[in-house]
Number of protein chains: 2
Amino acid sequence: MAPKTDESTELKIKEAARKVFHSKGFAGAKTRDIAEEAGINLALLNYYFRSKQKLFEIIMLESMQQFMHSMSGVFNDMDSSFEEKLELIAERYLKLFSQEPDLPIFMLTELRQGQGAEVIKHINLRSILLESYFVKQYADLQAEGKIGPMPFLQFVLNLMSFCVFPFMAAPIIKHIGGLKDAEFTAMVEERKRLIPIWVQSMLRAD
Amino acid sequence: MAPKTDESTELKIKEAARKVFHSKGFAGAKTRDIAEEAGINLALLNYYFRSKQKLFEIIMLESMQQFMHSMSGVFNDMDSSFEEKLELIAERYLKLFSQEPDLPIFMLTELRQGQGAEVIKHINLRSILLESYFVKQYADLQAEGKIGPMPFLQFVLNLMSFCVFPFMAAPIIKHIGGLKDAEFTAMVEERKRLIPIWVQSMLRAD
DNA sequence: GTCTATAGGGGGATAGAC
DNA sequence: GTCTATCCCCCTATAGAC
């Protein structure tokens, strides 16, 4: 076993903070919960990250980057077609959210309340999305008349909602559908295949 | 000015609690905020509703019922066709969420954390949805081969996500799209028209 | 019913020993 | 760098006057 260095402790705390913040949100998370989850003392948390607020901002920023990193790679890949990108996006996001099921609702909740509202400004989300190669491919297809006139914003909104919503609504879905975890996973798996098909049919609809 | 009766005060408090809980969630909401919002003293809140927890459960239950009341009426209407129901659902939900933009994320967040998890069991969501006339119409259309084999659960999931997601992601959407409130409203308005079209095209896709 | 005042506890942060 | 002990504020809830 390696000796406990600064960095390993810092990582343990961040990992614990991520878990607790994601599942309980900023207001619901207690620094004592985080310390316990990390297997360290409360005082040590403040030694590494001056305050709960600072720690939160780091977690929030990294969560956001994790979210976007999955995206930007695909969005700017010059070697994949538009159709292939649809498959890649569904594949990647559903996989990410299967591993981090609390991530979507955490981010949307905190962005809407005061806590994360600042973070969004420090990130060039807009340019990543609207100046990507994906947008160009979309515009080209529209110019060629191969897809309908749906505004890109509506299109991305729909694509994202297909990926994100099942995880946000997971408790209700399991309850209504009477699904066990394995069946829920199977449903998500099926969506990986269907989302690109659905999206394409919508693009040709109006 | 009418004299302040019991009921008017109780209503004022509930109204204030709804606002504060919806925007901040259970953990983030402070009883002092609610009292101030209601224009009454903190002690009075506990006089009417023994505790924050009890008050929350009432708000949660009523929010859920509000959500489902919009739904069940349409779902069991014998006089409207399947296609008409799609239009009614989009129309009603987008209108509801335009008035109560915090409602979706509030409910999904609280259902996923401990607070609202119990409430879901006291409501026959499952029967309302899965035993509705809407389901029967869906099954009939499938039997006649007029729509594809998409499982009803996936279908409802998609329909709901179309309505709900724009409001949950509103801050990001406004930021990315550079939309002012009026433009956001216009986008939602356009979705009222487009959602039924999109859904129908998906149903014929696979 | 409605208020003021306050008890009681929980949670964030720090002092200081090791 | 890590711990124990503790401060202190804020929040929920109640006691008691009106």
Side-chain angles (χ1 to χ4, degrees), chain A residues 1-61 106 109-110 113-116 118-119, chain B residues 1-61 106 109-110 113-116 118-119:
Chain A
M1 197 65 154
K4 298 185 180 181
T5 70
D6 306 356
E7 247 180 47
S8 85
T9 301
E10 191 174 328
L11 271 178
K12 268 197 314 187
I13 297 174
K14 273 172 57 175
E15 186 60 16
R18 200 183 48 76
K19 273 191 201 166
V20 176
F21 278 136
H22 279 197
S23 80
K24 302 192 180 180
F26 178 81
K30 312 300 169 201
T31 51
R32 284 176 167 81
D33 300 342
I34 298 174
E36 190 185 2
E37 174 78 30
I40 54 111
N41 189 275
L42 173 58
L44 204 55
L45 188 150
N46 286 296
Y47 173 78
Y48 278 94
F49 309 88
R50 295 184 32 84
S51 69
K52 177 185 178 183
Q53 181 67 39
K54 299 274 186 199
L55 178 53
F56 174 81
E57 282 165 13
I58 292 171
I59 300 300
M60 184 75 192
L61 190 67
F106 164 76
T109 301
E110 300 299 338
Q113 297 165 3
Q115 294 310 327
E118 284 303 311
V119 179
Chain B
M1 197 64 155
K4 298 184 180 180
T5 70
D6 306 356
E7 246 181 48
S8 86
T9 301
E10 191 174 329
L11 270 178
K12 268 197 314 188
I13 297 175
K14 273 172 57 175
E15 186 59 17
R18 200 183 49 75
K19 274 192 200 166
V20 177
F21 278 136
H22 280 197
S23 80
K24 303 192 179 179
F26 178 80
K30 310 301 169 198
T31 50
R32 282 179 167 84
D33 301 341
I34 298 174
E36 190 185 1
E37 174 77 32
I40 53 113
N41 188 275
L42 173 58
L44 205 54
L45 189 151
N46 286 297
Y47 173 77
Y48 277 94
F49 309 88
R50 294 183 31 85
S51 70
K52 177 185 178 183
Q53 181 68 38
K54 299 275 186 197
L55 177 54
F56 174 82
E57 283 165 13
I58 292 172
I59 300 300
M60 184 75 192
L61 191 66
F106 164 75
T109 301
E110 301 298 337
Q113 296 167 1
Q115 293 312 327
E118 285 302 312
V119 179

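Since the model is a prediction, treat every value here as computed from it, not as a measurement. Chain letters run A, B, ... following the sequence lines, proteins first and then strands; every chain starts at 1.
Listed for the B:Glu10 side chain is no donor-acceptor partner under 3.5 Å among the backbone atoms of B:Tyr48. Put simply, the side chain of B:Lys54 never gets that close to the backbone of B:Asn46: no donor and acceptor are under 3.5 Å apart.
Per the geometry, CD belonging to A:Glu7 stands 12 Å off P belonging to D:dT2, to the nearest Å. What separates CZ of A:Phe49 from P of C:dG12 is a distance of 16 Å, to the nearest Å. Put simply, NZ on A:Lys24 is 11 Å from P on C:dG12, counting in whole angstrom units. We find that CD1 of B:Ile34 is positioned 10 Å from P of D:dA13, with the value rounded to whole Å. The NZ-C1' distance, from A:Lys12 to D:dG1, rounds to 11 Å in whole Å. D:dT12 atom P lies 13 Å from atom CZ of B:Phe56, rounded to whole Å. Taking atom OH of B:Tyr48 as the reference point, atom C1' of D:dA13 lies 18 Å away to the nearest angstrom. In this structure, the CD1 atom of A:Ile13 is 15 Å from the P atom of C:dG12, given to the nearest Å.
The pair A:Arg18-A:Glu15 meets the salt-bridge criterion, with a side-chain N (NZ, NE, NH1 or NH2) lying under 4.0 Å from an Asp/Glu carboxylate O.
Using a 4.0 Å heavy-atom cutoff across all strands shown, B:Ala29 reaches sugar-phosphate atoms only and no base atom.
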Only pairs under 3.5 Å count here: list side-chain donor-acceptor contacts from residues 27-35 of chain A, not counting sequence neighbours, and write none if there are none.
{"unit_1": "A:Lys30", "atom_1": "NZ", "unit_2": "A:Ala27", "atom_2": "O", "d": "3.4"}
{"unit_1": "A:Asp33", "atom_1": "OD2", "unit_2": "A:Lys24", "atom_2": "NZ", "d": "3.4"}
{"unit_1": "A:Asp33", "atom_1": "OD2", "unit_2": "A:Lys30", "atom_2": "N", "d": "3.4"}

**Fill in**
Heavy-atom contacts, protein to nucleotides 13-18 of chain C, under 4.0 Å, summarised as B (base), S (sugar-phosphate only) or - (none) per nt, yield BBB---
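Aromatic rings from A:Phe21 and A:Phe106 are positioned such that their centres are separated by 6.0 Å or more.
The side chain of A:Lys30 lies closest to C:dG11, out of C:dG11, C:dC3, D:dG1.
Taken to the nearest 0.5 Å, the CZ atom of A:Phe49 stands 9.5 Å off from the CG atom of A:Leu44.
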